[in-house]
S.K.: 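Okay, handing you the structure first.
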Amino acid sequence: MSDTGNEIQSKDFIRTIIDEDLASGRYDKVHTRFPPEPNGYLHIGHAKAICLNFGIAKDYNGMCNLRMDDTNPAKESMEYVEAIKDNIRWLGFDWEDRLYFASDNYEKLYELAVKLIKMGKAFVCDLTADQIREYRGTLTEPGKNSPFRERTVEENLDLFEKMRNGEFEDGSRVLRAKIDMTSPNLNMRDPVLYRVLRANHYRTGDKWKIYPMYDWTHGSCDSFEGITHSICTLEFEDHRPLYEWFLQTLGLYMPRQVEFARLNLTYTVMSKRKLLTLVNEKAVTGWDDPRMPTLSGLRRRGFTPASIRDFCSRIGVSKVNSVVDYAFLEFCLREDLNKTANRVMAVLDPLKVVIENYPDDLVEYMDAENNPEDPNAGTRKIPFTKELFIERDDFMIDPPKKYFRLSPGKEIRLKNGYYIKCVDYKTDADGKVVEVICSYDPATKGGWSEDGRMVKGTSHWVSASKGIKIEVRLYDKLFLKPDPEVVGENERFTDFINPDSIKILSDCIAEPSLAEAKAGDNFQFLRQGYFVADKDGTKEKPVFNRSVGLKDSWAKTQSKNQ
RNA sequence: UGUCGGUUAGUGUAAUGGUAGCACCUUGGAUUCUGGUUCCAAUUGCGAGGGUUCGAGUCCUUCACCGACAGCCA
């Protein structure tokens with residue numbers, strides 16, 4: 001997408017291929033498709049594929065279909081179909097009326113298989129799964145022909161029909177293409193087209209007793225839909241000869257398959273199987289847990305569609321296996337939210353401040369800019385009172401050098417409020433500071449002094465009497481290890497889950513305007529980070545998730561000095 | 001002892017055979033009513049050898065290393 005208008009992207013290798021295909025006349029249009037299997041939720045890796053397929057269609061004035069690659073009844077469901085559609089729409093893409101299901105083509109696929117049998121190019125095989133594996137040979141040794149390979153066309157036709165009719169046990173027979181058991185490419189060693197599986201399919205119910213395999217189905221569907229460029233991930237590179245064999249043998253229209261490297265991110269896992277494990281083992285609260293790399297999770301974490309699209313465009317496309325820094329994803333979010341998120345003030349770890357020379361019952365409504373990066377964002381009023389809360393981190397009795405915040409005798413600015421100077425403080429029996437007593441300078445209203453007096457520090461604050469209570473959920477990386485997928489002997493990726501990936505702060509105070517926040521609203525909590533209103537919140541107790549912290553150079557210098 | 005694909009700063013990604021760039025990260029500095037933003041600057045790179053060429057990241061060649069593939073999953 002070029003909705004930020006400033007992407008200067010050199011052409012990736014896929015677009016270069018498309019240019020060539022268009023120039024040579026191999027194709028006269030561009031038609032892509034995004035073909036998920038509805039057996040899990042979409043993740044950021046799928047977003048890369050979605051942006052690629054829909055993005056290419058848009059760039060070339062073509063179309064992109066959405067197709068459910070549903071050929072395995074055991075794992076698929078309507079819940080996933082709906083979630084997938086919802087996620088893609090949210091990301092900002094539109095398949096218009098072109099939502100297809102591989103399962104809608106089962107009959108057509110069956111007829112094509114019959115045709116293959118009649119051509120003598122497919123046969124019913126009675127070998128068990130184990131035997132098929134044995135006959136297949138190994139990576140370095142050729143396989144050998146199935147004893148059932150030379151059945152007559154008539155017998156194959158009869159057997160295949162009986163498979164369809166449910167006359168055989170699950171797994172007892174398969175239909176196989178007759179290609180070459182000595183091929184160095186294992187995919188060409190008489191691959192299975194159909195297996196007997198008398199399972200209930202989420203769309204076709206119990207109509208089918210046999211189900212087609214991926215290779216057989218995928219290319220055919222691409223062909224039916226008139227796809228020009230079938231873009232898929234690297235692991236299908238070895239399948240391309242088979243993809244082409246099917247279409248060529250049947251004399252069907254042939255799209256061009258192009259493979260690219262899937263996305264990997266540091267500190268996260270990116271396979272549906274592993275994500276399912278996290279959900280099933282309750283390591284997270286669900287597919288939309290804000291720590292999940294799923295689109296639903298990222299959405300709830302506060303990621304915007306624009307930030308994810310931007311990320312996908314910036315990481316580029318290539319055939320090199322690579323791992324992108326999680327920090328890069330965070331950068332893209334900050335980049336977007338800095339321009340779009342309204343600033344508000346919330347105190348996560350409240351410390352009471354009493355301004356001794358401020359009138360007891362006075363409430364002043366101070367003007368505050370909603371977003372300094374966006375002149376159109378407007379302003380709002382924030383109540384200022386004698387008793388306030390500031391961040392506990394913003395006060396120190398005995399501060400180190402270069403500490404610009406509040407400490408005894410020091411003056412700071414309260415953002416959009418007044419300059420205040422610390423005159424005293426109170427501690428409890430343990431020596432913990434419980435209250436800071438300050439004086440304010442009435443001439444600095446709005447946070448500005450006419451006399452040119454400079455203050456080095458500026459703090460955010462919330463009125464003690466007018467502020468509202470909120471719950472804040474601080475999220476961190478789900479895994480401690482940059483590469484949790486790399487495990488040793490006797491290790492599981494779940495061994496590396498970060499026990500502190502969520503910290504719940506239930507006594508935070510925020511300015512009153514936050515009571516109006518709706519789930520999904522993004523904010524910048526001044527000086528702290530970007531937060532998003534969560535669906536768990538109520539009017540009485542809004543809940544906010546931290547999407548990503550602000551860059552914190554002070555924290556950095558501090559940790560360096562330790 | 002197989003087939004296919006790959007190798008450019010820490011990370012990701014560019015470069016009709018013609019000065020190896022960009023972004024993130026990191027580090028300095030300037031600006032700032034957010035220790036944010038913005039701006040400036042710096043460090044760090046063509047897997048190795050040989051060849052062709054006036055000139056090679058790019059072409060040829062040898063080698064090394066990495067990844068995928070032996071589901072009736074996709």
Side-chain angles (χ1 to χ4, degrees), chain A residues 8-12 35-37 39 69-72 74-76 125 127-129 132-134 136-143 170-176 183-189 191-197 210-211 213-215 217-218 232-241 259 261 263 266 272-273 314-325 327-332 334-335 338-339 343 345 368-369 372-373 402-405 413-417 419 444 446-449 455-460 524-529 549-558:
Chain A
I8 15 82
Q9 43 177 240
S10 47
K11 202 151 281 188
D12 57 68
E37 183 193 9
N39 67 342
D69 225 339
D70 53 355
T71 56
N72 186 358
K75 295 183 176 173
E76 297 152 5
C125 183
L127 253 26
T128 64
I132 287 183
R133 190 179 317 119
E134 282 167 33
R136 184 154 34 224
T138 68
L139 293 175
T140 51
E141 305 156 36
D170 280 10
S172 60
R173 283 185 167 83
V174 293
L175 182 73
R176 294 225 252 166
S183 170
N185 180 343
L186 297 251
N187 294 119
M188 301 298 273
R189 321 243 262 228
V192 172
L193 271 54
Y194 278 94
R195 72 275 208 189
V196 175
L197 223 190
I210 55 174
Y211 288 93
M213 300 291 290
Y214 165 84
D215 289 300
T217 310
H218 195 87
C232 62
T233 43
L234 249 31
E235 69 268 27
F236 294 107
E237 217 153 18
D238 291 344
H239 295 240
R240 193 179 344 118
E259 310 86 8
L263 168 67
T266 54
K272 283 192 201 169
R273 208 199 90 244
R314 285 173 186 258
I315 55 174
V317 192
S318 73
K319 300 192 70 146
V320 189
N321 290 299
S322 59
V323 186
V324 176
D325 280 340
F328 196 58
L329 217 207
E330 292 187 324
F331 162 80
C332 292
R334 288 198 196 97
E335 183 87 337
N338 177 49
K339 289 187 228 108
R343 273 60 170 172
M345 293 200 283
E369 241 181 336
E373 304 295 321
K402 298 263 206 103
Y403 183 83
F404 304 147
R405 288 112 100 139
R413 167 172 39 236
L414 291 180
K415 176 90 180 171
N416 298 125
Y419 283 13
T444 57
W448 186 252
S449 173
V455 286
K456 201 75 162 122
T458 300
S459 282
H460 56 100
Q524 184 194 103
F525 285 7
L526 222 60
R527 301 208 302 136
Q528 309 201 85
L550 248 29
K551 274 201 205 157
D552 191 346
S553 52
W554 169 239
K556 213 170 265 176
T557 57
Q558 262 183 317

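Here the structure is a predicted model, which is why all the values come from computation and not from measurement. Residue numbers start from 1 in every chain, and the chains themselves are labelled A, B, ... in the order their sequence lines are given, proteins ahead of strands.
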S.K.: Classify the nucleic acid contact of A:H239 as base, sugar-phosphate or nothing, counting any heavy atom under 4.0 Å across all strands shown.
M.R.: base
S.K.: For RNA chain B, whose closest nucleotide is more 5', that of A:N39 or that of A:N185?
M.R.: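 With A:N39 and A:N185 compared, the 5'-side residue is A:N185.
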S.K.: Would you classify A:V174 as touching base, sugar-phosphate or nothing, given that sugar-phosphate means primed atoms plus P, OP1 and OP2, and contacts are heavy atoms under 4.0 Å?
M.R.: base
S.K.: Indicate, yes or no, whether a donor-acceptor pair under 3.5 Å links the base of B:U34 to the side chain of A:R343.
M.R.: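 Indeed, a donor on one side and an acceptor on the other fall under 3.5 Å apart.
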S.K.: Which part of the nucleic acid, if any, lies within contact of A:N416, taking any heavy atom under 4.0 Å across all strands shown: a base, the sugar-phosphate backbone alone, or nothing?
M.R.: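 The answer is base, as A:N416 lies within the cut-off (heavy atoms under 4.0 Å) of a base atom.
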S.K.: Name the orientation of the base relative to the sugar in B:G71: syn if the glycosidic angle is within 90° of 0, else anti.
M.R.: syn
S.K.: At 4.0 Å (heavy atoms only), tell me whether A:K415 reaches a base, stays on the sugar-phosphate, or touches nothing.
M.R.: base
S.K.: So, does A:R189 get its side chain near the phosphate of B:G2, meaning an N or O under 4.0 Å from OP1 or OP2?
M.R.: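 Indeed not, no polar side-chain atom of A:R189 lies that close.
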S.K.: Taking 4.0 angstrom as the limit, do A:R343 and A:E369 come out as a salt bridge?
M.R.: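 Salt bridge: no.
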S.K.: Ignoring the backbone of A:L186, work out which of B:U34, B:A70, B:G67 is nearest its side chain.
M.R.: B:A70
S.K.: Among B:U34, B:U38, B:C73, which nucleotide has an atom closest to any side-chain atom of A:K75?
M.R.: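 For the A:K75 side chain, the nearest candidate turns out to be B:C73.
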S.K.: Looking across every strand, which nucleic acid part, if any, lies under 4.0 Å from A:L414 by heavy atom: base, sugar-phosphate, or nothing?
M.R.: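 No contact.
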S.K.: Could you tell me whether the side chain of A:Q528 has a donor or acceptor atom within less than 3.5 Å of a complementary atom in the base of B:U34?
M.R.: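 Answer no: no donor N or O sits under 3.5 Å from an acceptor.
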S.K.: Mind checking if A:E37 touches a base, just sugar-phosphate, or nothing, with heavy atoms under 4.0 Å?
M.R.: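 Here A:E37 touches the backbone only, sparing every base.
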S.K.: What distance, rounded to whole Å, do you find between the two P atoms, one in B:A23 and one in B:A42?
M.R.: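 So the two P atoms sit 13 Å from each other.
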S.K.: Does A:K319 put a side-chain nitrogen or oxygen below 4.0 Å from OP1 or OP2 of B:U7?
M.R.: no
S.K.: Side chain of A:I315: nearest nucleotide among B:A74, B:G12, B:G35?
M.R.: B:G12
S.K.: Determine the Euclidean distance between corresponding C1' atoms of B:G50 and B:G45; express it in Å to zero decimal places.
M.R.: 23 Å
S.K.: Ignoring backbone atoms, establish whether A:R527 has a side-chain N or O less than 4.0 Å from OP1 or OP2 of B:U37.
M.R.: no
S.K.: Sticking with atom P, work out how far B:A70 lies from B:C54, rounded to a whole angstrom.
M.R.: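 Those two atoms are separated by 49 Å.
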S.K.: For A:S318 and B:G12, is the shortest distance between a side-chain N/O and OP1 or OP2 below 4.0 Å?
M.R.: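 Answer is no, no contact under 4.0 Å.
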S.K.: At 4.0 Å (heavy atoms only), tell me whether A:N321 reaches a base, stays on the sugar-phosphate, or touches nothing.
M.R.: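 Sugar-phosphate contact only - A:N321 comes under 4.0 Å of backbone atoms but never of a base.
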S.K.: Has A:S553 got a side-chain N or O lying under 4.0 Å from the OP1 or OP2 atom of B:G36?
M.R.: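 A:S553 to B:G36 OP1/OP2: side-chain N or O found under 4.0 Å.
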S.K.: Supply the atom-to-atom distance A:L414 CG to A:H460 NE2, rounded to the nearest 0.5 angstrom.
M.R.: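 So the gap between those two atoms works out to 10.5 Å.
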S.K.: For A:V196, which contact category applies under a 4.0 Å heavy-atom criterion: base, sugar-phosphate, or nothing?
M.R.: nothing
S.K.: Name the closest nucleotide to the A:D325 side chain, picking from B:G10, B:G5, B:G2.
M.R.: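 That would be B:G10.
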S.K.: Give me the distance, rounded to whole Å, that separates B:U27 from B:U44 when you measure between the C1' atoms they each carry.
M.R.: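 Rounded to whole Å, the distance is 12 Å.
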S.K.: Would you indicate which nucleotide in B:A74, B:G2, B:A70 comes nearest to any side-chain atom of A:T140?
M.R.: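 Closest of the options to the side chain of A:T140: B:G2.
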S.K.: Could you tell me whether A:N72 contacts a base, only the sugar-phosphate backbone, or nothing, with contacts defined as non-hydrogen atoms closer than 4.0 Å?
M.R.: sugar-phosphate
S.K.: Would you mind telling me which of B:U34, B:C72, B:U7 lies closest to the side-chain atoms of A:L526?
M.R.: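 Of the options given, the side chain of A:L526 lies nearest B:U34.
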S.K.: Determine the contact category for A:F236: base if any of its heavy atoms lies under 4.0 Å from a base atom, sugar-phosphate if only primed atoms, P, OP1 or OP2 are that close, otherwise nothing.
M.R.: base
S.K.: Taking the P atom in each of B:G5 and B:A9, what is the distance between them to the nearest angstrom?
M.R.: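 Rounded to whole Å, the distance is 23 Å.
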S.K.: Which listed nucleotide (B:U27, B:G71, B:A74) is nearest to the side chain of A:T71?
M.R.: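 Selected nucleotide: B:A74.
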S.K.: For A:L127, answer base if it contacts any base atom (sugar-phosphate contacts may also be present), sugar-phosphate if it contacts only those atoms, and nothing otherwise; contact means non-hydrogen atoms under 4.0 Å.
M.R.: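 Touches a base.
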S.K.: Taking all atoms of both residues into account, what is the closest heavy-atom pair of A:R195 and A:M213, and its distance?
M.R.: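 Closest approach of A:R195 to A:M213: NH1-SD, 3.4 Å.
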S.K.: Identify all stems in which RNA chain B takes part, counting only runs of at least 3 consecutive pairs (Watson-Crick or G-U wobble, each distance under 3.5 Å), and give each as one range with another, ordered by first number.
M.R.: B:2-7 with B:64-69, B:10-13 with B:21-24, B:26-30 with B:38-42, B:47-51 with B:59-63
S.K.: Is the base of B:G12 stacked against the aromatic ring of A:F328, taking ring centres under 5.5 Å apart and planes under 30° as the test?
M.R.: no
S.K.: Measure from the side-chain heavy atoms of A:K551 and tell me the nearest of B:C72, B:U37, B:G5.
M.R.: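 Nearest listed nucleotide: B:U37.
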S.K.: Could you measure between the two C1' atoms, the one in B:C65 and the one in B:C59, and give it in whole Å?
M.R.: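 23 Å, rounded to whole Å.
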S.K.: For the pair A:E37 and A:K75, find out whether any cationic side-chain nitrogen is under 4.0 Å from an anionic carboxylate oxygen.
M.R.: no
S.K.: Among the nucleotides B:A74, B:C69, B:U27, which one has an atom lying closest to any side-chain atom of A:L139?
M.R.: B:C69
S.K.: Is the phosphate of B:U34, meaning OP1 or OP2, less than 4.0 Å from a side-chain N or O of A:R413?
M.R.: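 Checking B:U34 against A:R413, no side-chain N or O comes under 4.0 Å of OP1 or OP2.
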S.K.: Does A:R314 make a side-chain N or O approach to OP1 or OP2 of B:C22 shorter than 4.0 Å?
M.R.: no
S.K.: Would A:W554 pass as stacked on B:G35, i.e. its ring centre under 5.5 Å from the base's six-membered ring centre and planes under 30° apart?
M.R.: yes
S.K.: In whole Å, measure the gap between the C1' atoms of B:U1 and B:C60 for me.
M.R.: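 Going atom to atom, C1' in each nucleotide, I get 27 Å.
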S.K.: When all nucleic acid strands are considered with a 4.0 Å heavy-atom cut-off, which category describes A:P241: base, sugar-phosphate, or nothing?
M.R.: nothing
S.K.: Considering only side-chain heavy atoms of A:F331, which listed nucleotide, B:C24, B:G2, B:A74, is closest?
M.R.: B:C24
S.K.: Can you find an N or O donor on one side and an acceptor on the other, under 3.5 Å apart, linking the side chain of A:R405 with the base of B:G35?
M.R.: yes
S.K.: When the P atoms of B:C40 and B:C22 are considered, how many whole Å apart are they?
M.R.: 12 Å
S.K.: Determine the contact category for A:F525: base if any of its heavy atoms lies under 4.0 Å from a base atom, sugar-phosphate if only primed atoms, P, OP1 or OP2 are that close, otherwise nothing.
M.R.: nothing
S.K.: Does A:V317 reach a base, just sugar-phosphate, or nothing at all? Heavy atoms under 4.0 Å.
M.R.: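 Here A:V317 touches the backbone only, sparing every base.
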